[in-house]
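One structure is given here, and the rest of the page talks about it.
Please read all numbers here as calculations on a predicted model, not as lab measurements. Residues take their numbers from the sequence shown, with the count starting at 1.
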Amino acid sequence: MTLTVRRARTADVAAIEGLLTPYVENRILLGKERVDLYEQVQEFRVAANESGELVGCGAVHVMWEDLAEVRSLAVTAASRGQGVGGAVLHGLISDARELGVSRLFCLTFEVEFFTRFGFLPVTDDLVDEEVFAQLIRSHDEGVAEFLDLARVKPNTLGNTRMLLNL
């Protein structure tokens with residue numbers, strides 16, 4: 001499969017939502033309102049096949065000065081195992097480096113996949129108390145997942161916290 005990985009555009013939002021929906025329905029990813037996807041479109045990269053159809057997406061979301069999260073990494077069922085997720089993840093890692101963060105976090109069921117890219121499981125707190133006190137003020141559900149807050153526990157059961165030092 002020939003892929004083009006690029007930054008997402010506003011015209012891609014409906015397709016991104018379509019890529020995420022099966023994962024949200026299976027409680028693998030947190031759901032996002034379309035308005036949130038528009039607000040966050042600059043965080044996304046998409047992968048398009050040779051006919052221009054979007055077959056993968058993912059986002060990198062800055063959480064703090066030195067920390068960002070890989071979010072919403074999804075590929076079509078037909079594209080799984082064909083390198084789409086890896087191509088998107090390479091783009092996101094590049095984006096994280098360009099943004100100047102030194103650590104990239106993910107919360108995932110796909111441990112083997114992320115391990116291939118250098119992510120390692122972590123159990124330690126990834127931020128100190130002062131940063132935690134700032135992050136807890138965020139209204140972002142992904143930040144709540146990162147902080148392991150009780151209100152998102154049903155969405156995080158079975159997930160593995162992983163970290164890549166850039």
Side-chain angles (χ1 to χ4, degrees), residues 1-64 67-101 103-121 138-146 152 154-164 166:
M1 174 187 305
T2 303
L3 285 177
T4 301
V5 177
R6 60 172 173 76
R7 293 197 181 279
R9 302 179 196 116
T10 57
D12 298 325
V13 167
I16 291 169
E17 186 176 46
L19 287 165
L20 298 176
T21 296
Y23 294 92
V24 172
E25 289 172 349
N26 288 309
R27 299 179 60 93
I28 295 169
L29 294 176
L30 285 178
K32 292 183 181 287
E33 298 294 332
R34 188 173 287 192
V35 67
D36 294 324
L37 292 172
Y38 278 112
E39 290 173 352
Q40 298 165 10
V41 71
Q42 70 278 1
E43 297 179 355
F44 276 85
R45 284 202 173 253
V46 294
N49 63 18
E50 51 278 340
S51 66
E53 174 192 11
L54 295 191
V55 294
C57 68
V60 63
H61 179 80
V62 174
M63 299 177 84
W64 202 251
L67 182 66
E69 179 184 12
V70 171
R71 293 183 168 182
S72 303
L73 185 58
V75 300
T76 62
S79 299
R80 286 185 65 103
Q82 296 183 37
V84 175
V88 172
L89 184 57
H90 275 296
L92 298 175
I93 291 169
S94 176
D95 291 346
R97 284 188 173 114
E98 187 176 312
L99 288 164
V101 297
R103 301 180 302 155
L104 194 55
F105 165 80
C106 70
L107 187 62
T108 185
F109 292 105
E110 301 294 336
V111 173
E112 185 178 314
F113 170 80
F114 280 96
T115 299
R116 289 197 308 262
F117 294 89
F119 284 79
L120 297 172
S138 174
H139 298 287
D140 187 295
E141 286 298 297
V143 173
E145 267 192 323
F146 169 77
V152 293
N155 293 313
T156 61
L157 294 176
N159 281 354
T160 299
R161 298 163 61 87
M162 300 187 79
L163 187 71
L164 174 66
L166 301 174

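- Judged as a salt bridge (charged side-chain N to carboxylate O under 4.0 Å, His left out), and not counting sequence neighbours, the contacts of Glu98 are Arg7.
- Minimum heavy-atom separation, Gly56 to Val88: C-CG2, 4.2 Å.
- Evaluation of the ring-ring contact (aromatic ring centres under 6.0 Å, His included) rule for Phe113 yields Phe117 as partners, not counting sequence neighbours.
- The line from CG of Leu92 to CD of Glu69 is 11.5 Å long, rounded to the nearest 0.5 Å.
- Applying the ring-ring contact (aromatic ring centres under 6.0 Å, His included) test to Phe44 and every residue at least two apart in sequence or in another chain returns nothing.
- Put simply, the side chain of Leu163 reaches to within 4.5 Å of the side chain of Leu67, judged on heavy atoms.
- Residues that satisfy the side chain to side chain contact (heavy atoms under 4.5 Å, CB included) test with Leu99, not counting sequence neighbours, are Val60, Val62.
- Expressed to the nearest 0.5 Å, how far OH of Tyr38 lies from NZ of Lys32 amounts to 15.0 Å.
- Legend: salt bridge (charged side-chain N to carboxylate O under 4.0 Å, His left out) pairs involving residues 34-49, not counting sequence neighbours, sorted by first then second residue: Glu17-Arg34, Arg45-Asp95.
- Applying the salt bridge (charged side-chain N to carboxylate O under 4.0 Å, His left out) test to residues at least two apart or on different chains, none of the pairs has a partner in residues 55-64.
- With Phe114 as the partner, the side-chain contact (heavy atoms from CB on, under 4.5 Å) test is satisfied by one option alone out of Leu164, Leu104, Leu120, Leu89: Leu89.
- With sequence neighbours left out, the side chain to side chain contact (heavy atoms under 4.5 Å, CB included) criterion links Glu50 to Met1, Thr2.
- The shortest side-chain heavy-atom distance between Asp12 and Arg9 falls under the 4.5 Å cut-off.
- Inter-residue side-chain proximity for Val55 and Leu3 is flagged as met; some heavy-atom pair is nearer than 4.5 Å.
- Taking Pro121 as the reference, Thr160, Met162 meet the side chain to side chain contact (heavy atoms under 4.5 Å, CB included) condition, with sequence neighbours excluded.
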> Hey, mind stepping through Thr108 and Phe119 against side chain to side chain contact (heavy atoms under 4.5 Å, CB included) and telling me if it holds?
Replying inline: CA-CA 11 Å; Thr108 185; Phe119 284 79; over 6 Å; no
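- Judged as a side-chain hydrogen bond (donor to acceptor under 3.5 Å, both in side chains), and not counting sequence neighbours, the contacts of Glu53 are Asn49.
- Taking 4.5 Å as the limit, some side-chain heavy atom of Val75 sits within range of a side-chain heavy atom of Tyr23.
- Considering only residues two or more places apart in sequence or on other chains, Arg97 meets the side-chain hydrogen bond (donor to acceptor under 3.5 Å, both in side chains) condition with none of them.
- Distance check, rounded to the nearest 0.5 Å: CG of Leu29 to CG of Leu20 gives 6.0 Å.
- The CD1 atom of Ile16 sits 10.0 Å away from atom OG1 of Thr10, with the distance rounded to the nearest 0.5 Å.
- Listed by chain and residue number, Glu110 satisfy the salt bridge (charged side-chain N to carboxylate O under 4.0 Å, His left out) test with Arg80 (two or more places apart in sequence, or in another chain).
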